[in-house]
Amino acid sequence: MSAAARSTVDGLDLAALNSFFHDHVPGFRGALSASLIQGGRSNLTYQLTDGHAIWVLRRPPLGGLTPSAHDMGREFRVISALADSGVPVPRAIACGDASVMGVPFSLVEYVGGRVIRTPEQLHTLTDQQITDCAHALVDVLAGLHAVDPGSVGLTEFGRPEGYLSRQIERWYDQWTRVRTRDLPDIDTLHARLAAACPPEAGASIVHGDFRIDNAILAPHDPSEVRALVDWEMATLGDPLADLGLHLVYTDPAFAPVLAGAAASTSERLPTRRELAARYAEASGRDLDRLDFYLGLGYFKIAVIAEGIHARHLQGLTRGDGFDAVGEAPGPLAAEGLHTLEHGA
């Protein structure tokens, strides 16, 4: 997550942030500098420092078109709530509203460690280390789903009843906001998910975007998850939706979303079947309807990819690697249909 700090960064008002830090961040010594952290496709993520301490700030994308997917207050709330839960999260520092620099943002501690984004980074590990890392991630996911929301003050964090049907309609609504072309498979997938929607398999805190590059790992032990990040889509809902999306990220069709180099698509990771079995063992949950949750995961990420592509066409993305994102929605939607019809 390190990068050379710069005094000016697109998307931040450092003068306003200096004032905010003086008022809200204990120990702040002044004169912030910042750098954009590469890797994010949605919310913009920055590393900030005063030369002594380091923080991470997240704000919505420039020209965000899917407002429900960029909720800074939601992200800050869940990280704060999980601080003593056993789920690894950064320490929450402060949350700023739009009065500070025009958009809301969240501020957390910097957690040092390894972030594995590309197959090349993953492939520096041995086969056993890769397996251990993948299993550790699934175990952390099961651990998150085991947390009683009421025990951490998140009883009102979401509405678990009807979560699946709302997800289907919410992401289709987002599609109508962000689409840059007609993709009939999206419309068909939406209709078939709505027709096949089962009752919720349970209610838990769901991360909403759980994959390997949204975890900070110990530098010398990739089986140690130091922090889960990118919580802006967290809510209370069906935990198997989290699992389904995590498994969808193993599909090579997802790779264009991360500039063609998504670590989660590596063939050296355990298979989708093996990861599902690990989760079932760790959680005790029944995975008989997993195909539906995979279809929902494909639907969701196809819409998210189209939103990123739309922002890129408008010149609103920052960083590199956005040229290929538009290649992803069609194959993702097609694979979602195939999974619903024929199984994983």
Side-chain angles (χ1 to χ4, degrees), residues 40-44 59-75 98 103-104 158-198 200 206-209 230-238 241-242 244-245 248-249 251 253-254 256-258 291-318 322-341:
R41 305 283 93 175
S42 181
N43 287 339
L44 298 175
R59 55 146 291 170
L62 304 179
L65 297 174
T66 54
S68 67
H70 309 296
D71 191 332
M72 296 292 92
R74 173 170 293 274
E75 181 168 17
V103 293
R159 294 179 293 137
E161 301 82 6
Y163 168 80
L164 293 176
S165 60
R166 288 197 306 275
Q167 282 285 293
I168 294 166
E169 297 312 314
R170 176 171 298 165
W171 288 106
Y172 192 65
D173 176 68
Q174 302 288 37
W175 171 256
T176 66
R177 295 170 180 264
V178 304
R179 64 184 176 189
T180 65
R181 61 279 179 75
D182 290 331
L183 284 179
D185 279 352
I186 288 284
D187 301 309
T188 304
L189 182 55
H190 164 253
R192 293 187 181 174
L193 286 168
C197 186
E200 276 70 27
V206 295
H207 179 278
D209 194 21
D230 291 12
W231 289 86
E232 69 267 24
M233 288 189 283
T235 189
L236 300 187
D238 189 329
D242 252 356
L245 187 62
V248 164
Y249 284 137
D251 193 317
F254 170 66
V257 182
L258 297 187
D291 291 348
F292 169 83
Y293 295 95
L294 292 170
L296 179 61
Y298 277 111
F299 182 60
K300 176 177 176 177
I301 195 59
V303 176
I304 290 173
E306 184 74 356
I308 297 168
H309 177 59
R311 291 197 299 275
H312 178 63
L313 292 179
Q314 295 177 60
L316 296 173
T317 50
R318 294 297 180 267
F322 290 94
D323 291 347
V325 177
E327 300 170 9
L332 287 167
E335 189 57 35
L337 281 173
H338 182 272
T339 299
L340 279 183
E341 294 172 359

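All heavy atoms count here, side chains included; hydrogens, waters and symmetry mates do not. Keep in mind the model is a prediction, meaning the values are calculated, not measured.
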[X] and [Y]: which non-hydrogen atoms are nearest, and at how many Å?
X: Glu169; Y: Ala194; value: OE2-CB, 4.3 Å
X: Val257; Y: Ile308; value: CG1-CD1, 4.1 Å
X: Leu245; Y: Asp209; value: CD2-CA, 4.0 Å
X: Gly326; Y: Pro329; value: O-CD, 3.4 Å
X: Glu200; Y: Tyr163; value: OE2-N, 3.0 Å
X: Gly158; Y: Thr235; value: CA-OG1, 3.7 Å

Report summary line: The complete set of salt bridge (Lys or Arg N to Asp or Glu O under 4.0 Å) pairs with one or both residues in residues 292-309, sequence neighbours excluded, reads Arg181-Glu306
Report task. Using the side chain to side chain contact (heavy atoms under 4.5 Å, CB included) rule, pick out the option among Ile186, Leu193, Val303 that qualifies with Tyr172. Result -> Ile186
Query - Listed partners of Asp173 passing salt bridge (charged side-chain N to carboxylate O under 4.0 Å, His left out), at least two apart - result: Arg177
Report task. Check whether the side chains of His207 and Asp230 place a donor and an acceptor atom closer than 3.5 Å, and report yes or no. Result -> no
Atom [atom1] of [X] and atom [atom2] of [Y]: how far apart are they, to the nearest 0.5 Å?
X: Asp323; Y: His309; atom1: CG; atom2: NE2; value: 10.0 Å
X: Asp185; Y: Phe299; atom1: CG; atom2: CZ; value: 11.5 Å
X: Asp251; Y: Tyr298; atom1: CG; atom2: OH; value: 3.5 Å
X: Ile304; Y: Phe254; atom1: CD1; atom2: CZ; value: 9.0 Å
X: His190; Y: Leu296; atom1: NE2; atom2: CG; value: 11.0 Å
X: Leu189; Y: Leu183; atom1: CG; atom2: CG; value: 11.0 Å

Query raised in the report: Heavy-atom count around Arg166 CZ within 6.0 Å, excluding the residue itself: above 12?
Result: yes
Query raised in the report: Between the main-chain N or O of Met72 and the side-chain N or O of Glu232, is there a donor-acceptor pair closer than 3.5 Å?
Result: no
Query raised in the report: Residues in side chain to side chain contact (heavy atoms under 4.5 Å, CB included) with Glu327, at least two apart?
Result: Pro256, Ala324
